[in-house]
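Here the structure is laid out as structure tokens; the discussion comes afterwards.
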Amino acid sequence: MPAREAAGENSVVGLKGMGVREFFARRRARAAIQACGDMDVPMVGLKGEELAVEFRGGAGTPVAGLEKRGKSVVPPTLSLFHLEAWARERRPDLLARLRAAQRAVEEAFLPHEEEAAWAEFEAAKAALERAWREWIMAGGGGGQDALFPQEEPRGEGAKGAPEADRGAVGGTAPGPAPAAPASPDPAGAVAETPRVPAPPPPGGEGAAPPAPNGDPGTEAPMVGLKGKESEAVRDATEKVQQSLFPPEPGAAPGAFRSPWEDWLDAAEVARVPDLAAWRAALEEARAAGACALDTETTGLDPLQNRVRLIQLAVPLYPEGKKRLVADDWVSPESGGGARVYVLDLFALPREGDRREALEAVAGLVADPGVLKVGHNLKFDLVFLRAGLGGRRIPMERLFDTMLASQLVTAGDFVPGGQWEKWCAERGLRPARNDRGQELKATRVDAHGHLVEFEHDNQKEIKPFYPTHSLQQVAHRHLEVWLPKDLQASDWRGELSEGQVRYAARDAAVLLPLYEVLARLLVLNRLVEVAKIEFACLPAVVEIELSGMPFDAPRARELLAAAREEAARHRGELEALAAGAGFVPRPKKGKRIVAGLNPDSSQDVLDCLRLLAEGEGLLAGDRLSVGGEEFDLESRDETLSRLASRLPEGSPLRRFAEALRAYRAAKKRADFLQKWLELLHPATNRLHPDLRQINPQGVGRFSASNPNLQQCPRGSDIRQLFRASEGKKLVVADYSAIEMRIMAQLSGDKTMREAFLEDVDIHRFTAGRMAGKAPEDVTKEERQAAKAFNFGLIYGMQGITLQLYAETSYNVKMTLGEAEAAREAFFRTYPAVAAWHAEQARKGRERGFADYWQHDFGQGFHREKRPWVRTLGGRLRVWPTVREEGREGPYLRKAGAFTELYNTPDQGTGADMVKCAMARLYRELLKRGLEDVKLVATVHDELVLEAPEELAEQVAELLGAAMELTASRFLPDVPVEVEAAACETWAEK
DNA sequence: TCCGCGAGCGCG
DNA sequence: AAAGCGCGCTCGCGGA
């Protein structure tokens with residue numbers, strides 16, 4: 001029986017005044033918590049100097065591995081060490097199994113994909129834990145031996161609870177042992193055939209609410225201990241601590257210092273004097289099987305700056321081990337370390353040597369026999385490739401700790417509404433900038449270190465996402481602090497000792513980080529998708545380095561025209577406003593301006609109101625035109641509908657139309673201006689930054705500076721992207737890919753057959769819904785169906801559908817018609833409805849699954865979370881929110897339910913494109929097509945630039961790469977790729 | 001002057 | 001019960 005269902009008040013553990021041993025306290029608490037595999041993971045938090053652990057279930061609840069002490073409970077450790085000690089005499093069989101598994105894991109660890117070894121290790125450990133618990137239950141050893149094996153000093157403090165209390169420990173119900181790496185849906189991994197779980201009948205959705213998570217009466221806020229109770233607990237626990245972890249001599253009391261700081265300080269740093277020594281270092285890395293790479297460059301632009309320093313960290317494993325992180329997964333394994341070779345390219349005597357040194361690095365990067373760990377490897381690889389004259393180089397066995405970190409956080413965030421509380425519980429105080437202003441998304445922890453978040457203020461839920469700079473990731477998992485001031489320092493001139501030290505630390509820290517993140521990938525079943533991400537790095541490097549060809553002179557002409565047009569419409573708007581007697585409201589702290597500013601929504605709304613009033617259309621704070629009501633807002637779709645319902649000469653209509661035209665021209669001008677600003681002086685091309693994984697964890701790329709993914713369609717603007725002299729753009733995209741993916745995800749027979757028969761899916765849908773043959777479908781019906789296809793598969797409702805059909809496809813319908821059409825859609829594709837129901841289940845408590853996290857305080861720990869996966873195995877989880885339901889409070893996912901429908905589909909599309917990019921890169925490399933370059937990726941589209949004479953051949957190659965990749969993800973649905981060789985991007 | 005917020009809009 | 005999703009960029013506005 002889950003402990004939380006037991007009645008009683010909560011048990012609270014406080015370990016106060018741990019000072020320098022704080023992390024040990026956390027570690028012990030975590031070990032105890034993990035021992036309670038049958039409980040819901042309790043909350044552990046740090047409040048100032050106090051460690052507070054709250055267990056749902058109450059003081060009367062027997063909890064394995066916990067001793068009762070007075071009113072509170074002290075968690076003794078149940079570490080692997082203790083388990084092993086216990087098993088030595090009592091269960092040598094299980095111990096042998098564990099040891100064997102451990103060996104297998106250690107040997108298999110470097111090729112990070114060895115999941116099987118991990119599974120066996122977890123299973124062996126679970127078996128041991130189970131046996132231990134049974135033994136405890138049977139009253140074995142009175143509990144004491146199990147907790148403090150012979151090897152440990154058994155001071156008085158370690159004696160633990162009086163005899164009478166020990167029953168609480170022994171009385172634990174065994175419960176199911178913690179399963180071997182439990183994690184969401186193992187079927188999601190690519191290695192296995194993607195399987196969609198059999199969906200429940202559509203009617204099942206929303207039927208019975210999930211069982212409430214525990215008795216609401218037992219819910220208590222996280223508390224630290226105060227007063228007498230805390231004194232008693234502290235004394236007792238101090239003693240336990242002393243006996244288990246005697247203080248190191250010279251440790252400053254009260255000051256916290258992560259053991260990894262010492263580990264980093266102890267890393268050997270070797271300056272590399274010459275090319276021969278560098279080659280020897282690379283050989284050492286090869287022999288180790290894994291290494292970490294980092295570079296410092298003279299600037300941030302690979303096309304204008306150069307690599308200055310290369311740091312190569314080689315692991316020094318402890319005798320007989322293949323790991324640097326200890327079995328508790330937070331502290332360093334004793335006897336382990338790192339050697340960091342620092343090569344200063346500028347110090348090499350000859351220019352030829354620099355080149356040779358880079359070539360040697362390229363050799364390492366190409367070597368599939370050694371794993372290369374880096375943080376944001378894109379940066380280093382772009383410089384490496386540029387440093388080698390832009391030559392395409394093979395890149396194998398990469399492990400990017402930034403991408404790994406982004407993958408394992410998988411869309412997790414803190415909802416804006418819980419932000420302050422969440423921070424307070426963790427002792428995160430607001431940070432201020434140098435002007436004393438409070439920063440919203442940066443906080444300061446107890447040690448004065450900055451914890452940075454990414455805040456998205458555009459979303460309804462105002463999420464705060466974790467960030468993934470090396471500094472943040474190292475702080476999160478190892479609690480080391482890597483100062484940033486040297487990162488931005490000048491790496492061009494004479495280097496200080498501090499700079500070299502800093503550079504070396506950055507590389508060394510990657511080695512333990514890799515181990516922790518690799519395990520997180522394994523536990524969360526993210527290894528396959530991580531392989532996709534790492535494999536597509538070289539293609540990303542290629543895109544950033546190649547850039548898009550851009551016709552700047554023509555762009556300047558268009559910009560002038562767009563500005564002129566915007567000015568014209570602006571004049572018209574100002575005249576209309578003045579004619580209606582519009583006077584702008586004064587803005588605080590701003591100079592008073594006479595006329596209307598069409599960029600100010602305040603001005604625009606005021607003016608709309610005034611004009612409507614003049615025409616007698618104002619009804620309260622809304623507009624009423626021909627019996628139809630409009631919110632007073634100025635979105636384009638509103639203006640469009642408004643204009644279409646007003647008479648030709650109406651000033652309001654003229655204003656709406658002029659505003660729409662002004663905004664369109666302004667937007668074009670903005671794009672053109674931005675692009676011209678960002679045109680690269682060295683290449684005369686546009687080189688956007690690609691972000692491979694975004695905070696929501698869907699998996700699509702995003703681009704910035706500039707974002708060419710939002711380049712306008714259907715105008716002359718795309719024509720500006722014209723292949724350079726003698727070349728062509730080869731453009732290929734997947735057609736209707738999200739519908740095809742939905743057919744695979746849902747397994748809908750009708751939808752699948754439609755694709756098998758290669759019909760026009762929009763026409764087909766329209767025919768099915770109207771009960772007609774596809775050839776009888778009218779143009780309007782097909783247009784409407786197009787709107788349905790893209791909206792309904794993601795959960796769009798009738799009301800939105802009605803609006804969307806009109807504004808996007810110019811199809812007018814009543815709400816009733818829209819709703820009827822929606823129902824007809826799901827009757828046509830019933831499996832899609834069923835799949836929706838299945839996805840929705842995952843947003844409710846009964847559909848939650850284990851999600852593993854890691855930080856220095858708690859080590860590995862898991863929570864039940866709402867989740868979905870793509871067909872590539874990519875995971876997205878959500879935070880939970882407690883919501884009042886009709887039958888009591890229960891947990892559900894934060895944010896919109898429709899995300900559950902969209903993510904597997906959109907994310908699978910991303911998996912496919914990334915795979916195709918990786919595959920294409922290898923193919924181009926293999927064929928030696930050096931003049932063919934990947935230049936853009938836009939969600940379902942890839943763009944290459946190729947010499948004219950090769951264009952047709954390349955189009956075929958590209959199409960094949962994309963199709964082959966897609967068939968791996970969508971075994972049951974055919975995929976169509978349209979590939980063409982064009983002069984400009986506009987021709988597609 | 002900087003920061004945060006909100007509206008609005010380009011793409012898939 | 002209610003519900004398209006995912007991005008980046010620009011501008012105005014108010015507060016410190």
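Below, each value reflects all heavy atoms present in this structure, side chains not excepted, and no hydrogens, waters or symmetry copies. A, B, ... follow the sequence lines: proteins, then strands. Residue 1 opens every chain.
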Exercise. Going from CG on A/Leu608 to CG on A/Leu639, what distance comes out if it is rounded to the nearest 0.5 angstrom?
Worked result: 6.5 Å

Seminar exercise, completed: Quick note, A/Arg876 side chain, CB onward, closest among C/dC7, C/dC9, C/dC5 is C/dC5

Exercise. Could you give the CG-to-P distance, from A/Asn457 to C/dC7, as a whole number of Å?
Worked result: 15 Å

Exercise. What is the nucleic acid contact for A/Lys893, judged by heavy atoms within less than 4.0 Å: base, sugar-phosphate only, or nothing?
Worked result: nothing

For this session: Taking all heavy atoms of A/His836 and all of A/Gly795, pick out the closest pair and write down the distance.
Result: CE1-N, 4.0 Å

Exercise. Taking 5' to 3' order, which nucleotide of DNA chain B is first and which is last to have an atom within less than 4.0 Å of a heavy atom in chain A?
Worked result: B/dT1 to B/dG12

Exercise. With a 4.0 Å cut-off on heavy atoms, is A/Arg718 in touch with a base, just the backbone sugar-phosphate, or nothing at all?
Worked result: sugar-phosphate

For this session: Within residues 902-911 of chain A, find the residues that approach DNA chain C with a heavy atom at under 4.0 Å, and present them sorted by residue number.
Result: A/Asn902, A/Gln906

Problem set entry | A/His939 NE2 - C/dC7 P separation (whole Å) | 10 Å

Exercise. Of all the choices, C/dC5, C/dG8, C/dG6, which nucleotide is nearest to the side chain of A/Ala896 once you look at every atom?
Worked result: C/dC5

Exercise. Can you name the residues that form a side-chain hydrogen bond (donor to acceptor under 3.5 Å, both in side chains) with A/Ser634, not counting sequence neighbours?
Worked result: A/Arg663

Problem set entry | Separation of C/dA3 C1' from A/Glu819 CD (nearest whole Å) | 13 Å

Exercise. Just checking A/Leu792: base, sugar-phosphate only, or nothing, at a heavy-atom cut-off of under 4.0 Å?
Worked result: nothing

Exercise. About how many Å separate CD1 of A/Ile737 and CZ of A/Phe969, when rounded to the nearest 0.5 Å?
Worked result: 10.5 Å

Exercise. Which dot-bracket notation, 5' to 3', represents the base pairing of DNA chain C when pairs are defined as Watson-Crick or G-U with both distances under 3.5 Å, crossing pairs as [ ], and inter-strand pairs as |?
Worked result: ....||||||||||||

Problem set entry | ring-ring contact (aromatic ring centres under 6.0 Å, His included) against A/Phe755, all qualifying residues, sequence neighbours excluded | none

Exercise. Using 4.0 Å as the upper bound for N to carboxylate O, is an ion pair formed by A/Glu657 and A/Arg660?
Worked result: no

Problem set entry | DNA chain C contacts among residues 592-607 of chain A, heavy-atom distance under 4.0 Å | A/Asn597, A/Asp599, A/Ser600

Problem set entry | A/Glu460 CD: over 12 foreign heavy atoms closer than 6.0 Å | no

Exercise. Considering residues at least two apart in sequence or located in another chain, which fulfil the side-chain hydrogen bond (donor to acceptor under 3.5 Å, both in side chains) criterion with A/Glu987?
Worked result: none

Exercise. Do A/Lys914's NZ or CZ and the ring of A/Phe701 fall within the cation-pi criteria of under 6.0 Å and 45°?
Worked result: yes

Exercise. So what does A/Gln458 touch, heavy atoms closer than 4.0 Å: a base, only the sugar-phosphate, or nothing?
Worked result: base

For this session: Using atom NZ of A/Lys587 as one end and atom C1' of C/dC11 as the other, report the distance to the nearest whole Å.
Result: 13 Å

Seminar exercise, completed: Test side chain to side chain donor-acceptor pair (under 3.5 Å), reference A/Asp670, set A/Gln673, A/Lys666, A/Arg668, output is A/Lys666

Exercise. Can you tell me if the side-chain N/O atoms of A/Gln696 get under 4.0 Å from OP1 or OP2 in C/dG6?
Worked result: yes

Exercise. Out of curiosity, A/Thr908 OG1 to A/Gln906 CD, how far, rounded to the nearest 0.5 Å?
Worked result: 10.0 Å

Exercise. How long is the line joining CG of A/Leu690 and P of C/dG8, in whole Å?
Worked result: 11 Å

For this session: Check the distance between C/dG4's C1' and A/Glu460's CD and give it to me in whole angstrom.
Result: 15 Å

Problem set entry | Interface residues of residues 632-640 of chain A with DNA chain B (non-hydrogen, below 4.0 angstrom) | A/Ser634, A/Arg635, A/Asp636

Exercise. So with a 6.0 Å cut-off around CD of A/Gln602, is the heavy-atom count from everything else above 12?
Worked result: yes

Problem set entry | Nucleotide C/dA2, atom P - distance to CD1 of A/Ile799 in whole Å | 12 Å

Exercise. Quick one: CE on A/Met548 to CG on A/Leu729, what's the gap to the nearest 0.5 Å?
Worked result: 6.0 Å

Exercise. Closest to the A/Thr800 side chain: C/dC13, C/dA3, C/dG4?
Worked result: C/dG4

For this session: Return the set of residues passing side-chain hydrogen bond (donor to acceptor under 3.5 Å, both in side chains) with A/Arg718 (not counting sequence neighbours), or none when no residue passes.
Result: none

Exercise. Residues in salt bridge (charged side-chain N to carboxylate O under 4.0 Å, His left out) with A/Arg432, at least two apart?
Worked result: A/Glu438

For this session: Give, ordered by number, those residues of residues 664-673 of chain A having at least one heavy-atom distance below 4.0 Å to an atom of DNA chain C; if nothing qualifies, reply none.
Result: A/Lys666, A/Lys667, A/Asp670

For this session: Please determine if a side-chain N or O atom of A/Thr898 lies less than 4.0 Å away from the OP1 or OP2 oxygen of C/dC5.
Result: yes

Exercise. Hey, does the side chain of A/Arg892 come within less than 4.0 Å of C/dA1's phosphate (OP1/OP2), counting only N and O?
Worked result: no

Problem set entry | For A/Tyr465 against A/Asp412, the heavy-atom pair lying closest together | CD2-O, 3.7 Å

Exercise. Under 4.0 Å between a side-chain N/O of A/Lys590 and OP1 or OP2 of C/dC13, yes or no?
Worked result: no

Exercise. With A/Asp905, which residues qualify under side-chain hydrogen bond (donor to acceptor under 3.5 Å, both in side chains), at least two apart?
Worked result: none

For this session: Would you classify A/Asn694 as touching base, sugar-phosphate or nothing, given that sugar-phosphate means primed atoms plus P, OP1 and OP2, and contacts are heavy atoms under 4.0 Å?
Result: sugar-phosphate

For this session: Enter the distance from A/His455:NE2 to A/Thr467:OG1 here, rounded to the nearest 0.5 Å.
Result: 14.0 Å

Problem set entry | From CD (A/Glu533) to CG (A/Leu407), nearest 0.5 Å | 5.0 Å

Problem set entry | Touch class at under 4.0 angstrom, heavy-atom based, for A/Asn433 against every strand present | sugar-phosphate

Exercise. What heavy-atom pair brings A/Pro706 and A/Leu678 nearest, and what distance separates the two atoms?
Worked result: N-CD1, 3.4 Å

Problem set entry | Length of the line joining A/Gln437:CD and C/dG14:C1', which is rounded to integer Å | 12 Å

